[in-house]
Each structure stands twice: as C-alpha cells, then as structure tokens.
Amino acid sequence: MHRKSRKKIMVAGGAGFLGSHLCERLTAQGHDVLCVDNFITGARDNLDTLLSEPGFTLMHHDVTEPLSVDVDEIYNLACPASPIHYQRDPVRTTKTSILGAINMLDLARRNDARVLQASTSEVYGDPEVHPQPEEYRGRVNPIGLRSCYDEGKRCAETLFFDYHRQHGLAIKVVRIFNTYGPRMHPNDGRVVSNLIVQALRGESITLYGDGQQTRSFCYVDDLIEAMMRMMRTGPEITGPINIGNPSECTIRQMAQIVLDVTGSSSTLVHLPLPPDDPKQRCPDITRAREILEWEPTVALRQGIEKTVAYFDRILADRGSARS
Ligand code: NAD
Ligand code: UDP
C-alpha cells in the first residue's frame, strides 16, 4: 500500500464480535490497526489470525480511562451489545458509553483524527414509527432495564454532535440494527446465537413472549462494509445513518429458519418477554443507499447457513477439548 494511504486506525472494542471483523478487514487493506479492548465481552481468540500480523497491535485498555496514542482514524465500538451483558453491570455500561465517547472524542481532537461511533437502533426504543428513519426521535424508557444501554448510546450521540459543532471535529455516527454472524460468542445471549446453539445441542429453543416481535437481521460482512464506507465519506457527512438489513422477520420465523438449516428436532418453549423489549424493528436505509451507495447483499438464509457452520465447528472443538 502507498505510504500516504496507509493509516493508523484504532478500533476500540476490537476484540468483540463486530470489532474483530473490522480489525481483520482493515489489516487486510494494509493499515496499521490498534485494537483496544478490556475483554469484558470480547475474546483474544477472535483475533487469533491477526496477532502475528506486523501491522496489528492489541492493547488491553478500558475506554472509560483516557488514552494517548497516535492515530488517524478511530472506530468506537467499545460497549457490550447483548442485553444480558449490558444489564449485568448497568452503571458500568452507562460509563462505558459516555466516558468512552468523551475519551475517544478527546483523543480524536488531539490527533485531528476522524472518529466513528457505533450507535444503535436502540436509540429508537420501542418505536411507534415503522420502519425507522433517522429523523425519528424514538421512544426510549429513561428508567428501565435497557436504559443504561439506550440512554448511554443516545448521550454518546449528543457528545459526538456537540464536539462536531463546538470543536469542528470530523465525526461519523452509524446506527447499527441487529447484526449476526461468525464470532458471536456462544453465551452472547442474543437471539441468533442462542437459537443456533440450542438447535445444535438439541436443547429447547427459547422464544421470549409469543415470538411475534420483529427484528431485521444483517449479516456481519455487509455491516462492516457499510461502516468502512461511512468512514471514507467526505467531512460534510456526519450521519446519523441507519445501517442494517431492511428485510424484517418475526423471532418465530427466525426460529423456523434455524431449525430448517440445522435439521434439529429441538422444540420451542416460551419464556416471559423481557421488559421494554421492542415489538417491531426495521431500518429505513434510504440514506445509506444514497450516501454510502450500500445495501445488504447476503440473504438471511444464506447468512444463517454460514453462522450455523461456524457454531457447528466451535461447538465440536469445545466438545473434543472436553473429551
Ligand atoms: P461485543 O460485546 O461482541 O463487542 C464489544 C466489545 O467492546 C468487546 O470486545 C468488549 O470487551 C469491548 N468493551 C466493552 N466495554 C469496554 C470498555 N469499557 N473498554 C474497552 N473495551 C470495552 O458486541 P458487538 O456486537 O461486537 O457490538 C460492537 C458495537 O456495535 C457496540 O458498541 C454495540 O453497541 C454496537 N452495536 C452492535 C449491534 C449488533 O447487532 N451486533 C447492534 C447495534 C449496535
Ligand atoms: N429473544 C428470544 N429468545 C432468545 C433471545 C432473544 O426470543 O433466546 C428475543 C428478544 O426478546 C428480542 C429479540 O429476540 O425480542 C432480539 O433479541 P436480542 O437480545 O438478540 O436483541 P435486541 O432485543 O437488543 O434487539
């Protein structure tokens, strides 16, 4: 790669599900990648193929603490994303979003670097507008079990836009909708990994509530492509931009796809719906189509097949490690 186009890029939360794929793509492009993570939900294993790459560096660091490094671009993905994990220590989750955002923004200011925030569809809460365009301001409960994540991410967006207005910082905000794929942790707790692991182990498939709530699932490779396109946009593009797959399905339909792909004979069990669980979610991706010239390319069944193949392999490895 030409020296001028080779950048120093920091990925905060780079040992997690999305972060590890992003580190991989950026390293493959020839950039110097600094992965910063406190491993609260991430894993060193996710970076196995990268640790021997000369351009790749791993740093154990918590983004709630300030950091001084030399960088051209920062992707801020550091935050647990699964409800069971972000609700385990909710005060820490809020601190991660808010202090983490401040520390990433200050670092970007000192380096005159671009900084991208991995925001979320959760900023729309349990939405009354469907599908959700970026102009929709959302319906978030400020005092519920999900609030540490939702309000933390909303405040992080506020900080990004205030640093942009007050300090002229080059910011990029993407609102990520449900994304799935290889390297989700088997105990992650989110629906796709839960259902696949249960089906492969022949355990009951847990449907929360009646399973009629909807989500729109994006395959990880598509998502990472959109994030990287966003970072490359001109300085006038700040976002927020929704990125996700606009094809919507009920959780019950997802369970059926998982059963078909795995060929499992697991049965469905109904568990109580968690409080404030959004009933419907689907991105309006008009802006992403226009500005990023992007839309998802991997169909749901195809993505689930790839993800099942991944879990099949790692569960077999774990089984053989035990025996
Ligand atoms: P993940 O939990 O697998 O990854 C998060 C990573 O951040 C982990 O490696 C974790 O150890 C690290 N981390 C957490 N707190 C930290 C801290 N204080 N300091 C340093 N590192 C810390 O989750 P993911 O699915 O990869 O999500 C990545 C980002 O994308 C998150 O910010 C999440 O909110 C956002 N997002 C993801 C989705 C999705 O469907 N995957 C949807 C919306 C938003
Ligand atoms: N869900 C489910 N069974 C599970 C895990 C989740 O029915 O084992 C449901 C959950 O109630 C929600 C949807 O699947 O309606 C997506 O949940 P997830 O935790 O993956 O993400 P989020 O709610 O943050 O979109």
Are the side chain of [X] and the backbone of [Y] linked by a donor-acceptor contact shorter than 3.5 Å?
{"X": "Thr238", "Y": "Glu236", "answer": "no"}
{"X": "Thr64", "Y": "Thr96", "answer": "no"}
{"X": "Thr158", "Y": "Arg154", "answer": "yes"}
{"X": "Asn76", "Y": "Gln117", "answer": "no"}
{"X": "Asn242", "Y": "Asp284", "answer": "yes"}
{"X": "Asn46", "Y": "Ala15", "answer": "yes"}
{"X": "Gln280", "Y": "Arg215", "answer": "no"}
{"X": "Asn103", "Y": "Leu67", "answer": "no"}
{"X": "Asp150", "Y": "Gly125", "answer": "no"}
{"X": "Ser82", "Y": "Asp188", "answer": "yes"}

Is there a side-chain hydrogen bond (donor to acceptor under 3.5 Å, both in side chains) between Glu248 and His130? Walk through the geometry before answering.
CA-CA 11 Å; Glu248 186 178 356; His130 198 71; 3.0 Å; yes
Geometric class of the Tyr124/Tyr136 ring pair [parallel <30°, tilted 30-60°, perpendicular >60°]:
parallel
Straight-line distance of [X] [atom1] to [Y] [atom2], nearest 0.5 Å:
{"X": "Phe17", "Y": "Leu223", "atom1": "CZ", "atom2": "CG", "result": "7.5 Å"}
{"X": "Asp37", "Y": "Leu77", "atom1": "CG", "atom2": "CG", "result": "10.0 Å"}
{"X": "Thr206", "Y": "Asn194", "atom1": "OG1", "atom2": "CG", "result": "5.0 Å"}
{"X": "Ile205", "Y": "Thr262", "atom1": "CD1", "atom2": "OG1", "result": "7.0 Å"}
{"X": "Leu107", "Y": "Ser68", "atom1": "CG", "atom2": "OG", "result": "7.0 Å"}
{"X": "Thr93", "Y": "His85", "atom1": "OG1", "atom2": "NE2", "result": "11.0 Å"}

Counting only heavy atoms not in [X] (residues, nucleotides, ligands), do more than 12 fall under 6.0 Å from its [atom1]?
{"X": "Asp48", "atom1": "CG", "value": "yes"}
{"X": "Glu293", "atom1": "CD", "value": "no"}
{"X": "Arg137", "atom1": "CZ", "value": "no"}
{"X": "Arg44", "atom1": "CZ", "value": "no"}

As a quick check of understanding, evaluate side-chain contact (heavy atoms from CB on, under 4.5 Å) for Gln198 and Val258, giving each step before the final call.
CA-CA 10 Å; Gln198 290 161 349; Val258 168; over 6 Å; no
N-O pairing of [X] and [Y] below 4.0 Å:
{"X": "Lys153", "Y": "Glu122", "value": "no"}
{"X": "Arg146", "Y": "Asp126", "value": "no"}
{"X": "Asp276", "Y": "Arg139", "value": "no"}
{"X": "Glu73", "Y": "Arg114", "value": "no"}

Same apolar cluster (I L V M F W Y, side chains within < 4.5 Å links), [X]/[Y]:
{"X": "Leu271", "Y": "Leu207", "answer": "no"}
{"X": "Val36", "Y": "Leu99", "answer": "no"}
{"X": "Tyr180", "Y": "Ile196", "answer": "yes"}
{"X": "Tyr75", "Y": "Ile40", "answer": "no"}
{"X": "Met10", "Y": "Leu22", "answer": "no"}

Side chains of Ser147 and Asn141: any donor to acceptor distance under 3.5 Å?
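Distance-only check fails for Asn141 and Ser147.
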So, for [X] and [Y], which heavy atoms are closest and what is the spacing to 0.1 Å?
{"X": "Gly244", "Y": "Phe177", "answer": "CA-CB, 4.1 Å"}
{"X": "Ala101", "Y": "Ala156", "answer": "CB-CB, 4.0 Å"}
{"X": "Pro246", "Y": "Pro283", "answer": "CB-O, 3.7 Å"}

Could you tell me whether the side chain of [Y] reaches within less than 4.5 Å of the side chain of [X], counting heavy atoms only?
{"X": "Arg287", "Y": "Pro240", "value": "yes"}
{"X": "Leu145", "Y": "Pro274", "value": "no"}
{"X": "Ile304", "Y": "Phe217", "value": "no"}
{"X": "Arg281", "Y": "Asn178", "value": "yes"}

Applying side chain to side chain donor-acceptor pair (under 3.5 Å), can you list everything that pairs with [X], at least two apart in sequence or on another chain?
{"X": "Ser204", "value": "none"}
{"X": "Thr307", "value": "none"}
{"X": "Asp210", "value": "none"}

Sequence neighbours excluded, every pair satisfying salt bridge (charged side-chain N to carboxylate O under 4.0 Å, His left out) that has a member inside residues 11-30
Glu24-Arg183, Arg25-Glu225
What pairs meet the salt bridge (charged side-chain N to carboxylate O under 4.0 Å, His left out) rule with one or both residues in residues 170-179, with sequence neighbours excluded?
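Listed by first then second residue: Glu157-Arg175.
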Go through the steps to decide whether Thr214 and Thr250 satisfy the test side-chain contact (heavy atoms from CB on, under 4.5 Å), and finish with yes or no.
CA-CA 4 Å; Thr214 70; Thr250 66; 4.1 Å; yes
I would like to know whether Gln213 and Leu273 meet side-chain contact (heavy atoms from CB on, under 4.5 Å); could you show each step before the answer?
CA-CA 10 Å; Gln213 67 274 36; Leu273 190 67; 3.5 Å; yes
Contacts satisfying ring pair (Phe, Tyr, Trp, His ring centres under 6.0 Å) that involve residues 278-315 (not counting sequence neighbours) are none
Under the criterion side-chain contact (heavy atoms from CB on, under 4.5 Å), which of Met230, Met227, Arg229 is the partner of Ile241?
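Looking at Met230, Met227, Arg229, the match for Ile241 under the side-chain contact (heavy atoms from CB on, under 4.5 Å) is Met230.
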Run through Ile285, Val174, Ile243 and flag the one making a side-chain contact (heavy atoms from CB on, under 4.5 Å) with Leu292.
Ile243
Apply side-chain contact (heavy atoms from CB on, under 4.5 Å) to the pair Leu26 and Lys7, showing each step before the final yes or no.
CA-CA 9 Å; Leu26 294 169; Lys7 297 197 178 88; over 6 Å; no
